[in-house]
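Throughout, numbering of the chain's residues begins at 1 and tracks the sequence. Counting convention: from 1, in listed order, for ligands and their atoms alike.
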Amino acid sequence: MDELARRWLAVQRDLGGDELIVDTPIEVSASSPDAPVEATSERTPPRRSKPLPGAPRGIESVVPQDPEPIASVGPAIVPKRYAEGDLPAYLKDAPGIPPAGLVVTLPPPPAAAWPTLEAVAETVAGCRACPLCADRTNTVPGEGNPTASLMVVGEGPGEQEDLSGRPFVGRAGELLDKMLLAIETPRPTVYIANVVKCRPPRNRTPLPDERAACLPYLHRQIALVRPKVLLALGATAAEALLGVKKPLGELRLKVHRLDGIPLVVTYHPAALLRNPNWKRPAWDDVRIARQLLDALV
Ligand code: URA
């Protein structure tokens with residue numbers, strides 16, 4: 001695939017188009033661990049749903065629609081502490097809570113699971129589980145408030161992150177900081193991690209095997225931080241966390257759940273830098289995440 005075609009497909013993916021980017025041909029059978037899992041996007045009445053068969057690697061089950069939604073669909077949630085007319089900027093004209101989405105269950109951690117975030121970072125520092133280790137300057141395990149209410153998940157380190165060992169410190173990071181500030185959850189209050197902890201060559205999308213090799217670290221980080229709300233930035237983070245292959249447009253505007261934790265999907269800040277038209281919908285997404293925090297904290 002030439003570079004132009006690849007870039008066009010990347011934009012389609014950011015937009016939520018149906019085109020998929022595959023770096024190498026993938027054999028997909030119904031029993032393949034990478035088989036796409038069908039998820040419904042319809043607003044149907046809550047019902048008891050069976051897990052979908054053939055959940056992807058690292059994920060125990062995916063239920064297509066949450067039978068017990070974490071929040072009811074409706075107008076924006078205004079915390080009692082805000083008197084009428086005294087709303088914070090993030091609640092003015094805020095969207096309501098969207099319908100329930102997927103319910104993902106992770107397997108229980110092994111008995112010898114890393115006991116702390118530091119232990120995860122230490123193992124990541126010496127990790128050789130996939131070829132991304134070959135070119136890294138530093139691993140980028142993640143950072144932030146270990147008891148954060150909001151945990152943000154990106155795709156993988158870029159150049160600046162690789163050089164510094166810290167997530168989201170480049171231009172996309174600056175935009176992320178502004179978005180977090182705008183919903184009154186400044187960066188030091190949140191925990192930030194990526195799907196892969198080493199920089200992919202030329203910032204390409206991490207391959208399925210690279211994601212699968214790195215996911216146990218992210219799953220353990222989520223279990224240790226146990227945030228009230230998860231925010232997935234971009235299709236790679238959303239797909240890795242939810243274990244589905246779906247366009248971003250189908251994963252946004254839902255309240256998914258990962259091991260009980262509400263999960264909201266939005267555009268990756270790098271995509272917003274390329275396409276400022278998506279800043280408005282992304283602003284709605286982060287305000288939904290903030291409302292869930294207000295409702296749950
Ligand atoms: N993009 C990501 O997904 N993560 C980072 O840490 C930086 C840029």
Ligand 1 to Glu155, heavy atom cutoff 4.0 Å, flagged ligand atoms 2 (C), 3 (O)

**Item:** Pair Arg187 + Glu143, salt bridge at N-O below 4.0 Å
**Value:** yes

The side-chain hydrogen bond (donor to acceptor under 3.5 Å, both in side chains) partner of Lys197 among Glu161, Glu210, Gln221 is Gln221

Looking only at distances, can you tell me whether any N or O atom of His268, backbone or side chain, sits closer than 3.5 Å to an N or O atom of ligand 1? yes

- Minimum side-chain heavy-atom gap Arg290-Glu184 below 4.5 Å: yes

Worksheet item: Short N/O distance, under 3.5 Å, between Phe168 and ligand 1?
Response: yes

Nearest non-hydrogen protein atom to atom 4 (N) of ligand 1, with distance, is Asn194 OD1, 2.8 Å

Pro167 heavy atoms within 4.0 Å reach ligand 1 at atoms 6 (O)

*Where do Asp294 and Tyr82 land on the side-chain hydrogen bond (donor to acceptor under 3.5 Å, both in side chains) test, with the steps shown first?*
CA-CA 11 Å; Asp294 281 337; Tyr82 296 119; 5.6 Å; no

Item checked: Gln160 touching ligand 1 at heavy-atom level, < 4.0 angstrom -> no

Less than 4.0 Å between a side-chain N and a carboxylate O, is that true for Asp93 and Arg287?
-> no

Counting from 1 in the order shown, the ligand 1 atoms closer than 4.0 Å to a non-hydrogen atom of Gly154 are 3 (O)

Counting both backbone and side chain atoms, is some N or O of Gly156 under 3.5 Å from an N or O of ligand 1? yes

side-chain contact (heavy atoms from CB on, under 4.5 Å) with Leu150: of Ile192, Leu180, Asn145, only one passes, and it is Leu180

